[in-house]
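Here is the structure we will look at, set down as structure tokens.
Residue numbers start at 1 and run along the sequence shown.
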Amino acid sequence: MQTWKQIRDREAGKLPSRAFANRIKSNRASDLQLSNHKDLVSSHKGAINSLQIDLTEGRYLLSAASDASVAVYDVQRPSEYEGGGVICKHRSIFVVDKQHEAGHKYAVSSAIWYPIDTGLFVTGSYDHLINVWDTNTTQVVVNFKMPGKVYRTAMSTIATSHMLIAAGTEDVQVRLCDISSGAFAHTLSGHRDGVMNVEWSTSSEWVLITGGCDGAVRFWDIRRAGCFQVLDQSRTQLGRRSPILKRSLITKDSSTKLRVAQKKHNGIGNKQQPIGRVPSKGPMKQRLHPGMLSTQDRATAHYGAVTGLKVTEGGLYLLSAGSDSRLRLWDVESSCDTLVNFETVRLQTSKPIQLATTQDSTLVFVPCMRTVKAFDMWSGNTYTTLRGHYECVNACWFNQQDQELYTGGNDRQILVWSPARLNADQMDEGPTEDQDNWSS
């Protein structure tokens with residue numbers, strides 16, 4: 001009934017088309033269940049470590065596994081049908097494994113699409129290699145030898161000025177690999193242990209966020225030396241910032257009250273200086289070099305390794321997961337923990353986990369051992385728990401195009417979670433022409 005009311009409001013001009021579309025997507029995303037009409041037939045013989053659907057068509061799923069294999073699936077066009085045409089089976093279009101002449105020798109920990117199109121994809125492995133593959137020929141066009149196991153790779157989805165792959169490895173340094181030149185651009189030094197997670201900002205192509213086994217989350221401007229921000233779990237602010245438009249309407253009196261209230265909630269955090277700066281009073285008045293050690297530089301976001309990072313769609317907030325089984329939501333602008341109290345969870349501690357959020361960032365999907373929990377981003381309450389895997393879940397990917405969630409785990413399975421009211425006859429089978437060689 002609510003949907004029909006929204007349709008009538010849209011037709012009457014009371015509800016803008018974009019707002020209507022966002023509401024429908026939000027309703028679908030909040031009603032996920034194990035799909036009874038779409039089945040991905042896994043080609044992997046090892047744990048699924050990484051999942052990503054391409055950012056251009058929202059059609060091709062790239063998966064990486066511990067058996068050193070990488071596979072691509074068309075999630076829109078089924079390979080075959082079962083159950084009288086009700087169940088769509090999706091088999092891999094191609095698989096690259098140890099048998100391939102340029103295949104990885106050990107576990108593939110990360111596989112990502114080139115952000116501009118599906119002509120290239122990038123893999124990182126425990127064999128210390130990062131390979132850039134041509135999708136049409138399944139040949140390696142560029143590779144990079146790393147100093148240790150590769151945990152995560154990332155490319156900026158908004159970059160127009162660079163083609164850099166950020167790599168987190170066993171080594172303390174973060175390396176930036178340039179696809180265009182086939183060489184290392186430079187290294188980022190600051191972590192005191194291996195780097196499990198790398199994530200580009202969604203608001204600036206120059207800002208990289210890294211999470212280390214030392215418990216630190218660091219922000220880097222790759223054009224400058226040293227990190228410019230280190231998150232500190234003792235720096236806090238209560239709640240979500242008000243939108244810019246609303247804040248501009250706040251009067252001077254209410255603005256003063258807001259600052260006073262915020263100081264009360266900040267605890268000891270409000271006394272600390274921004275990273276890289278020293279108090280203006282006292283013997284040291286000059287600014288410290290960002291690369292120099294200071295009290296703030298040793299700050300930690302978690303007790304233990306940072307196992308997961310996810311930037312919200314607008315880049316205003318950052319979600320982090322740690323081996324201390326804590327989830328924290330950070331305000332990027334103030335670098336404060338927002339004190340959202342996520343309900344107690346059990347998280348994996350030995351390897352990175354891949355978090356996912358809905359398009360409007362209201363829900364966050366977190367691998368919690370054998371289940372995936374969907375949390376309300378702003379209250380921390382568990383919205384729903386998705387059960388279907390037989391072993392630990394490692395990776396989540398939310399497809400913004402059709403509001404479906406894909407999860408992969410140690411049971412070697414890739415499960416599809418669809419909106420409950422999505423019928424098989426409503427599925428978009430995708431275009432029949434304009435295909436690449438590898439997708440036909």
Roughly how far, to the nearest 0.5 Å, is the [atom2] atom of [Y] from the [atom1] atom of [X]?
X      : Y      : atom1 : atom2 : value
Asp360 : Met377 : CG    : CE    : 9.0 Å
Ile93  : Ser79  : CD1   : OG    : 8.0 Å
Thr56  : Tyr114 : OG1   : OH    : 11.5 Å
Tyr406 : Trp397 : OH    : CH2   : 12.0 Å
Cys368 : Leu347 : SG    : CG    : 5.5 Å
Tyr60  : Gln76  : OH    : CD    : 8.0 Å

Any heavy-atom pair between the side chains of [Y] and [X] that's under 4.5 Å?
X      : Y      : result
Val217 : Asn197 : no
Glu170 : Tyr151 : yes
Val345 : Lys373 : yes
Gln139 : Glu101 : yes
Thr138 : His100 : yes
Ser335 : Trp330 : no
Trp417 : Val372 : no
Glu205 : His162 : yes

Side chains of [X] and [Y]: donor-acceptor distance under 3.5 Å anywhere?
X      : Y      : value
Arg328 : Gln233 : yes
His302 : Ser320 : yes
Ser323 : Thr349 : no
Ser69  : His44  : yes
Trp113 : Thr118 : no
Asp171 : Thr169 : no
Gln237 : Ser334 : yes
Ser50  : Ser110 : no
Trp200 : Thr157 : no
Asp214 : Thr300 : no

[X] and [Y] ion-paired at < 4.0 Å:
X      : Y      : answer
Asp221 : Arg223 : yes
Glu82  : Lys89  : yes
Asp74  : Arg59  : yes
Lys38  : Glu404 : yes

Derivation of the side-chain hydrogen bond (donor to acceptor under 3.5 Å, both in side chains) call for Thr123 and Trp133: CA-CA 8 Å; Thr123 58; Trp133 300 80; 2.9 Å; yes
More than 12 non-hydrogen atoms from neighbouring residues, nucleotides or ligands closer than 6.0 Å to NZ on Lys105, yes or no?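 More than 12 within 6.0 Å, yes.
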Does atom OH (Tyr106) have a neighbourhood of more than 12 heavy atoms from anything else shown, all under 6.0 Å?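 12 or below, so no.
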What do you reckon, are the aromatic ring centroids of Tyr317 and Trp378 less than 6.0 Å apart?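 Ring-ring flag for Tyr317/Trp378: true, centres closer than 6.0 Å.
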Pair Phe365 + Phe398: ring centers closer than 6.0 Å: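 For Phe365 and Phe398, the ring centres are under 6.0 Å apart.
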List the atom of [X], the atom of [Y], and the distance in Å for their closest heavy-atom pair.
X      : Y      : result
Ala154 : Val198 : CB-O, 3.6 Å
Arg218 : Gly190 : NH2-O, 3.2 Å
Val306 : Leu309 : CG1-CD2, 4.0 Å
Thr202 : Val311 : OG1-CG1, 3.5 Å
Cys396 : Thr407 : SG-CG2, 4.0 Å
Ser42  : Arg412 : OG-O, 2.7 Å

Sidechain-backbone polar pair: [X] side chain, [Y] backbone, donor-acceptor under 3.5 Å:
X      : Y      : result
Ser92  : Ala71  : no
Ser201 : Val207 : no
Asp411 : Tyr390 : yes
Ser189 : Gln173 : no
Gln400 : Gln359 : yes

For a side chain to side chain contact (heavy atoms under 4.5 Å, CB included) with Leu51, tell me which candidate from Asn394, Ile414, Leu62 qualifies.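 Among Asn394, Ile414, Leu62, the one meeting side chain to side chain contact (heavy atoms under 4.5 Å, CB included) with Leu51 is Ile414.
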Scan Leu415, Leu386, Asn399 and name whichever one has a side chain to side chain contact (heavy atoms under 4.5 Å, CB included) with Leu405.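 Of the listed residues Leu415, Leu386, Asn399, the side chain to side chain contact (heavy atoms under 4.5 Å, CB included) partner of Leu405 is Leu386.
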Option among His191, Arg152, Glu199 that satisfies the side chain to side chain donor-acceptor pair (under 3.5 Å) test with Thr210: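 Single side chain to side chain donor-acceptor pair (under 3.5 Å) partner of Thr210 among His191, Arg152, Glu199: His191.
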Check step by step if side chain to side chain contact (heavy atoms under 4.5 Å, CB included) holds for Ile179 and Leu164. CA-CA 6 Å; Ile179 293 181; Leu164 297 176; over 6 Å; no
Would His104 and Asp127 count as a side chain to side chain contact (heavy atoms under 4.5 Å, CB included) if you check the C-alpha gap in whole Å, the side-chain angles of each, and the deciding distance to 0.1 Å? CA-CA 7 Å; His104 289 290; Asp127 63 8; 3.1 Å; yes
Fit a plane to each ring of Phe375 and Phe342, take the angle between them on a 0 to 90° scale, and name the class: parallel (under 30°), tilted (30 to 60°) or perpendicular (over 60°).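 It falls in the perpendicular class, over 60°.
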Intermediate values then yes/no, side chain to side chain contact (heavy atoms under 4.5 Å, CB included), Val122 and Ile130: CA-CA 7 Å; Val122 180; Ile130 290 177; 3.7 Å; yes
Walk me through whether Leu176 and Ile222 qualify under side chain to side chain contact (heavy atoms under 4.5 Å, CB included). CA-CA 9 Å; Leu176 300 177; Ile222 63 170; 3.7 Å; yes
